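Reviewing the structure listed below.
Along the sequence shown, residues carry numbers from 1. Counting starts at 1 for both ligands and their atoms, following the listed order. Predicted model only: the values in this text are computed from it and were never measured.
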Amino acid sequence: MPQKIIYADNAATTAVSRSVLEAMLPFFTEDFGNASAMYKTGRNAARAVLKARESAAAALGGNAEPREIFFTSGGTESDNWAVKGAAMLGAAVRTAFVQKRHIVTTAVEHHAVLKSCAALEKQGFSVTYLPPDEFGRVTAEQVAAAITPQTCLVSVMTANNEVGTIMPVAEIGAVCRERGVLFHTDAVQAVGQIPVDVNKMNIDLLSLSGHKLHAPKGIGALYVRKGIELPPFMDGGAQERGRRAGTENVPAIVGLGQALTDAVTDLSERAERLSALRDELICGLLAIPETRLNGHPTERLPGNVNISVRGIEGESLLLMLDMKGICASSGSACASGSGEPSHVLLACGLPRELAQSSLRLTIGGDTSAEDITAIITAVTESVEKLRSLSPYWQRLSH
Ligand SMILES: *Cc1c(COP(=O)(O)O)cnc(C)c1O
């Protein structure tokens, strides 16, 4: 019998769902026309893109408008566009007294935001990286204190991809609105997990990504509040109203629209079920001696579990779990393989040793109660085995 696989790495990527796949299929071979074309298959494609734009707007709160949605190649592109575009808008403000070349962000952002900020620093922008508390959270007060007359952008993620901590985005949005500063949030992990409303939360720019919510990889969107003249990200044709040129990836856009509709349907029921499984998993894992929970105990994504296991290399644990058919991650997928401990865990104040001994399990709609039990057993056994083999652990515990 083939080994049963338990997939617990939904924060890295998700499977394309059946409803998404079915929505996409006709646009590969039947309505494959260019959405700019005049004939019927092109018009059908254009209509499908419009419908997806409406679904995306609806998923971001009742009053978001389809014309505020711009399809991109994913979360990374959306983050790059938002941060660098807002910086260009800031740099264009040039009065005798004010140079808007300052950005406020956090030390726990995804690298798509952090490296965009680093690139801007090389061009003369200054960036404040707010330090989070031990749970990975920054406060609206910290944001307020960091804003200066030079600030052109505040970028704070809605929820963290590694530790699952949810930021007080509505409060931060209110501060930004009051101070007249653009507010971007990377909501890639949040959309479909917790309620997101761009108007209630005063969000000006919002990044989302398809493959984190059961649409394919390589598709995403940037919400741009109307009235913000964000410079184009791609120059070329008139697609996406001239701001993101390139022939539309119609099947992927249709898939994203379907995924977003699915993601906000019964959101609270799904989140409740997932949170209960998550808490059971956390409870079972913390029963292993010398483990700690990373991230916030309550302000936490429904599907995220992140623990550190003293005396264990995260990577070794992953290999053992893989042999038992469990897909998990250590730190972020991007950081794994680099050998560097997670910048998020370090920013939360973990010593390098504990940051390197982290395990992230992100469960999803397919996860069952039996899976949770199986994961707890597998991690417990693997940790015991690894510790029994570790001279370092023997020294620690004696
Ligand atoms: C995955 C992820 C991204 C990048 O999205 P891609 O679509 O993979 O480029 C950005 N931010 C966060 C928080 C993510 O989890």
Q | Protein residue, atom and distance nearest to atom 14 (C) of ligand 1, heavy-atom basis | A | Lys212 NZ, 3.0 Å
Q.
For Lys324, I'd like to know if atom NZ has over 12 heavy atoms of other residues, nucleotides or ligands within 6.0 Å.
A. yes
Q: Pull out every atom of ligand 1 sitting under 4.0 Å from any heavy atom of Gln189, numbered as shown with elements.
A: 13 (C), 14 (C), 15 (O)
**Q.** Residue part near ligand 1, for Val113, under 4.0 Å between non-hydrogen atoms
**A.** neither
Q) Within the distance-only criterion (no hydrogens, no angle test), does the side chain of Arg270 pair as donor or acceptor with the backbone N or O of Gly365 below 3.5 angstrom? A) no
Q.
Under 3.5 Å, is there a donor on one side chain and an acceptor on the other for Thr165 and His296?
A. no
Q: Using the salt bridge (charged side-chain N to carboxylate O under 4.0 Å, His left out) rule, take Glu290 and Arg387 through it: C-alpha gap first, then chi angles, then the decisive distance, then the call.
A: CA-CA 11 Å; Glu290 304 236 27; Arg387 280 179 174 168; 6.0 Å; no
Q. Short N/O distance, under 3.5 Å, between Glu77 and ligand 1?
A. no
**Q.** Within 6.0 Å of CZ in Arg241, more than 12 heavy atoms from elsewhere
**A.** yes
Q: Name the closest protein heavy atom to atom 4 (C) of ligand 1, giving the residue it belongs to and the distance to 0.1 Å.
A: Thr76 OG1, 3.5 Å
Q) Which word best sums up how the rings of Phe70 and Trp81 line up, parallel for under 30°, tilted for 30 to 60°, or perpendicular for over 60°? A) perpendicular
Q) Just wondering, are more than 12 heavy atoms of other shown residues or ligands nearer than 6.0 Å to NZ in Lys217? A) yes
(Q) Just to be sure I read this right, does ligand 1 sit under 4.0 Å from the backbone of Lys217, its side chain, both, or neither, counting only heavy atoms? (A) neither
Q.
Closer than 4.0 Å to some heavy atom of Gly74 - which atoms of ligand 1 meet that?
A. 7 (O)
Q: Distance to 0.1 Å, residue and atom name: give those for the protein heavy atom nearest to atom 8 (O) of ligand 1.
A: His211 NE2, 2.7 Å
Q: Please write down residue, atom name and distance for the protein heavy atom closest to atom 3 (C) of ligand 1.
A: His110 NE2, 3.5 Å
Q. Against heavy atoms of Asp79, which atoms of ligand 1 measure under 4.0 Å?
A. 10 (C), 11 (N)
Q) With no hydrogens and no angle check, do the side chains of Asn80 and Ser116 hold a donor and an acceptor under 3.5 Å apart? A) yes
Q) Going by atom types only, do Glu109 and Thr106 share a side-chain donor-acceptor pair under 3.5 Å? A) yes
Q | Nearest-option assignment for atom 6 (P) of ligand 1, heavy atoms, candidates Ser207, Ala11, Gly75 | A | Gly75
Q.
Can you report which non-hydrogen protein atom sits closest to atom 7 (O) of ligand 1, along with the distance?
A. Ser209 OG, 2.6 Å
Q: Give the residue, atom name and distance (to 0.1 Å) of the protein heavy atom nearest atom 11 (N) of ligand 1.
A: Asp186 OD2, 2.6 Å
